[in-house]
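Keep in mind the model is a prediction, meaning the values are calculated, not measured. Reminder, nothing fancy here: chain letters follow the sequence lines and each chain counts from 1.
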Amino acid sequence: MARNYRHAIELQKKLSSLRRRVRLPKPVRTVGGADVAFSPDGRYCVAAVVVLSYPGFEELERVHSRMRVTFPYIPGLLSFREAPVMVAAAKKLSCQPDVMLVDGQGMAHPRRFGLACHVGVELGWPTIGCAKSRLMGTHRQPGQRKGCRCRLMDGDEVIGTVLRSREAIKCIYVSEGHLTELDQAVRLVLRCCVRYRLPEPIRSAHNFVTQLRANRKVWNQNEL
DNA sequence: GCGACAG
DNA sequence: ATCTTGTCGC
């Protein structure tokens, strides 16, 4: 898809016009989580997508997909490396989740088109970006109590929310993906943070992808 | 030119 | 992301 660095940036600008900012239409009953891991030699990647009930977080379904790595990691262009496998895995689900949490930024991106936006637009699904660290933007430090938050800014534009998902831990970065709205996204993500720093759907996807990575059979299959 | 920089 | 050991704290 993306030939090179420059082409990828133009593609982001083009695709970003397809992103929509709307509130979720109905009460959330299922939440998806997506994450990616790489083979020991770095030539292949595997994506995991899980769907949990909400609230309750019972696992309803899990799928995965493997693919050859075709793009290097470049800050700002992560989606060209991870979106393809993530989308391929998500398409294997028998039932679309009401909203999907993606391990990376959404709008908190130089061209407002991080991994969560890219995956959301390609699937046509509501997505939320939930990153473990900052890509860009400035912010004050939220209070130490769970639920404390500060706006993530790029100049005078709000691009996301820095959220304390548990007491006294490093904050997470929440931003709009596709078909979602920031305040609603932050409330949902916070409710998904039951006992750990990361929301349950992302933790489940991460645990799954970690066990897949350790499974030799996952990497020993032939090319399709 | 220098530093920053999701996973 | 991945490579790596012990270690501090609840």
Any non-hydrogen side-chain atom of A:Arg213 less than 4.5 Å from a side-chain atom of A:Val218?
no
Q | Beyond-backbone contact of A:Ser165 with A:Val189, side-chain heavy atoms, under 4.5 angstrom | A | no
task = Look at all strands and tell whether A:Leu77 reaches a base, only sugar-phosphate, or nothing, counting heavy atoms closer than 4.0 Å.
result = base
Exercise. Using a 4.0 Å heavy-atom cut-off across all strands, classify A:Gly76 as base, sugar-phosphate, or nothing.
Key: base
Between A:Phe208 and A:His64, what is the ring plane arrangement, given parallel below 30°, perpendicular above 60°, and tilted in between? perpendicular
Should the pair A:His118 and A:Phe80 be assigned to parallel (<30°), tilted (30 to 60°) or perpendicular (>60°) ring geometry? perpendicular
Every protein N/O within reach of nucleotides 1-7 of chain C N/O, cut-off under 3.5 Å:
residue: C:dA1; atom: OP2; partner: A:Lys132; partner atom: NZ; Å: 3.2
residue: C:dT2; atom: OP1; partner: A:Phe38; partner atom: N; Å: 3.4
residue: C:dT2; atom: OP1; partner: A:Arg213; partner atom: NE; Å: 3.3
residue: C:dC3; atom: OP2; partner: A:Arg213; partner atom: NH2; Å: 3.0

> Thinking salt bridges, do A:Asp183 and A:Arg23 make one under a 4.0 Å N-O criterion?
Replying inline: no
_Under 4.0 Å between a side-chain nitrogen and a carboxylate oxygen: does that hold for A:Glu181 and A:Arg21?_
yes
For [X] and [N], what is the distance between atoms [atom1] and [atom2] respectively, to the nearest whole Å?
X: A:Leu135; N: B:dA6; atom1: CG; atom2: C1'; result: 5 Å
X: A:Met107; N: B:dA6; atom1: CE; atom2: C1'; result: 16 Å
X: A:His139; N: B:dA4; atom1: NE2; atom2: P; result: 15 Å
X: A:Asp154; N: B:dC5; atom1: CG; atom2: P; result: 14 Å
X: A:Arg134; N: B:dA6; atom1: CZ; atom2: C1'; result: 11 Å
X: A:Leu152; N: B:dA6; atom1: CG; atom2: C1'; result: 12 Å
X: A:Leu115; N: B:dC5; atom1: CG; atom2: C1'; result: 16 Å

Cation-pi between A:Arg19 and A:Phe113: NZ/CZ under 6.0 Å from ring centre and within 45° of the ring axis?
-> no
Margin query: Check whether A:Phe38 forms a cation-pi arrangement with A:Arg81 (NZ or CZ under 6.0 Å from the six-membered ring centre, at most 45° off the ring normal).
Written below: yes
Stems with DNA chain C, 3 or more Watson-Crick or G-U pairs in a row (under 3.5 Å), are none
For A:Leu179 and A:Leu24 the tightest heavy-atom approach is O-CD2, 3.8 Å
For B:dG7 and A:Ser133 - does any side-chain N or O of the residue sit under 4.0 Å from the phosphate oxygens OP1/OP2? yes
Exercise. A:Tyr73 side chain N/O closer than 4.0 Å to the phosphate oxygens (OP1, OP2) of B:dA6?
Worked result: yes
Review point. Could you go step by step and tell me if A:Glu61 and A:Ser94 meet the side-chain hydrogen bond (donor to acceptor under 3.5 Å, both in side chains) rule?
Key: CA-CA 8 Å; A:Glu61 190 175 4; A:Ser94 62; 3.0 Å; yes
Notebook entry, point to check: Is a donor on one side and an acceptor on the other found under 3.5 Å between the side chain of A:Arg149 and the backbone of A:Gly147?
Noted result: yes
Contact check, residues 177-204 of chain A vs DNA chain B, heavy-atom distance under 4.0 Å, returns none
